[in-house]
There are 2 protein chains.
Amino acid sequence: MGTREQIVDAANRLFYEQGFEPTSFAAIAETVGISRGNFYYHFKTKDDILDAVIEARLASTRTMLAGWADGSADPRDRVRRFVEIVITNRGDIESYGCPVGTLTNELAKLDHPSRAHAVGVFTLFRTWLREQFEELGFDAEADDLAMRVLAFSQGIATLSNAFHDGDFVDREVDRVNRWLTELLASPATADDAS
Amino acid sequence: MGTREQIVDAANRLFYEQGFEPTSFAAIAETVGISRGNFYYHFKTKDDILDAVIEARLASTRTMLAGWADGSADPRDRVRRFVEIVITNRGDIESYGCPVGTLTNELAKLDHPSRAHAVGVFTLFRTWLREQFEELGFDAEADDLAMRVLAFSQGIATLSNAFHDGDFVDREVDRVNRWLTELLASPATADDAS
DNA sequence: GTCAGATTAGGACGAGTGTCCTAATGTTTG
DNA sequence: CAAACATTAGGACACTCGTCCTAATCTGAC
């Protein structure tokens, strides 16, 4: 693995665990095992590496979503797969929250020009979820449903991070899976209060 | 208003808008209009002022919740009142997210000793919501319902901050209000997938 | 082997950080 | 008025930050 790739990987992890602002060049360089001078050869500014990290996240998200699409023919299973991220990544989320939501919010507070870039990861999930609901027969409501699923996972992630309650995550995921089942059993109630 | 109180107020706002770590002593002092030396007279360390800010948030939250309890005899209206925070504070949430969730997560990433202290604000809301549901006749499920309402508002806040979509907030609040209505019409389905 | 280009190491730079000290000013009490 | 205390201002301190420069080393083409 090339040096540049190692830097992006380390920064990706550190930005997630510590946040963008508190993570220093020195910390990244130390993680990779290179000097700060070498660092500068690959990235001129801290914002450059942030953009590279976001780009890497966009790419890996696209790959993951495409993999889910290939892995299951049933859009409902695909949506479940997304919902269960909060279980798969339970430990990290309890410790650091959702990587997408927390980075987006940090950049918003910093009034950082790359905020919109980071929101792109959210948009990737949103669009992918919308497509699943469209395949399930929803039309105008598909985007609403996608946003609802997104909001659900963000709420779970935030509270899981705050209270460190793993049972809560399990319960809520079960609940959403049941909601999905009911939703697909009676599409007419897609806009109900559930 | 005393200097100390002004400092806490300014720090409270800046911690919300910029985050705890990126907010410097100098920025707070400048906002209040005092020297950094004077600052040190009131607070020895940055962590001291963080604790003071958290304490102020706990106090104002308690006051707000007590006011809601006095302002409405119907627990259902009280819960609605909570849910509609995301509308009342729409502008701030779009710009900076939820003050409780974002601070808690930042402190988690910083591995900061005051993280648990900050979670106390969440606990205040959680307990208060649980009490409302208990008054509404729920027993074992009351805490689950409280967490569900909390998770809802956190999900909305995060996506509102990411996408800057005010209509989405309105839609979701309406949806939760309808869910509340249905929930109270048929308490037996409190644990359904809604 | 030589030389050009890619890559790395190490340190310098000014700016900003939290922290701390000291002197000056205000304010209250006797 | 005078003395004791509370409050403020301003700057010094050591440190870290992102940035940048230069010299050394590695790598591959001829």
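The sequence lines fix the lettering, A, B, ..., with proteins before strands; numbering per chain opens at 1.
Residue B:A26 has its side chain nearest to C:dT17 when only C:dT8, D:dT7, C:dT17 are considered. The side chain of A:F25 has D:dG18 as its nearest neighbour among C:dG10, C:dT7, D:dG18. Of the listed nucleotides (D:dT8, D:dC21, D:dC17), D:dC21 has the atom at the smallest distance from the side chain of A:Y40. The side chain of A:K46 lies closest to D:dG18, out of C:dG10, D:dG18, C:dG18. Taking every side-chain heavy atom of A:Y41 into account, C:dA6 is the closest of C:dA6, C:dT19, C:dT17.
The side-chain heavy atoms of A:F20 and A:L110, taken from C-beta on, include a pair separated by under 4.5 Å.
Taking atom CD1 of residue B:I28 and atom C1' of nucleotide C:dT17, one finds them 13 Å apart after rounding to whole Å. For A:R4 and C:dT8, the CZ to P distance is 13 Å, given to the nearest whole Å. Between the NZ atom of B:K44 and the C1' atom of C:dT19 there is a distance of 11 Å, rounded to whole Å. For the pair A:F39 CZ and C:dA6 P, the interatomic distance rounds to 20 Å; values are reported in whole Å. To the nearest angstrom, P of D:dC17 lies 14 Å from CD1 of A:I49. Per the geometry, CD belonging to B:E30 stands 15 Å off C1' belonging to C:dT17, to the nearest Å. Residue A:D48 contributes atom CG, which lies 10 Å from atom P of D:dC20 at whole-angstrom precision. The separation between A:F20 atom CZ and D:dC17 atom C1' is 12 Å, rounded to whole Å.
Where B:R36 and B:G33 meet DNA chain D, the nucleotide closest to each residue was compared, and B:G33 sits on the side nearer the 5' end.
A salt bridge is defined here as a Lys NZ or Arg NE, NH1 or NH2 lying under 4.0 Å from an Asp or Glu carboxylate O, and A:R78 with A:E135 meets this definition. A salt bridge between B:K109 and B:E106 is absent, with no side-chain N of the basic residue lying under 4.0 Å from a carboxylate O of the acidic one.
Side-chain N/O atoms of A:S35 include none lying less than 4.0 angstrom from OP1 or OP2 on C:dT8. One finds a side-chain N or O of B:H42 lying less than 4.0 angstrom from the OP1 or OP2 phosphate oxygen of D:dT8. Taking side-chain N and O atoms only, A:N38 has no distance below 4.0 Å to OP1 or OP2 of C:dT7. Residue A:T3 places at least one side-chain N or O closer than 4.0 Å to OP1 or OP2 of C:dT8. Put simply, A:S24 has a side-chain N or O that comes within less than 4.0 Å of OP1 or OP2 on D:dC17.
Using cut-offs of 30° and 60° for the angle between ring planes, the A:F122 and B:F163 rings count as tilted.
The cationic group of A:K46 does not satisfy the cation-pi geometry with A:F43, failing either the under 6.0 Å distance to the six-membered ring centre or the 45° limit from the ring axis.
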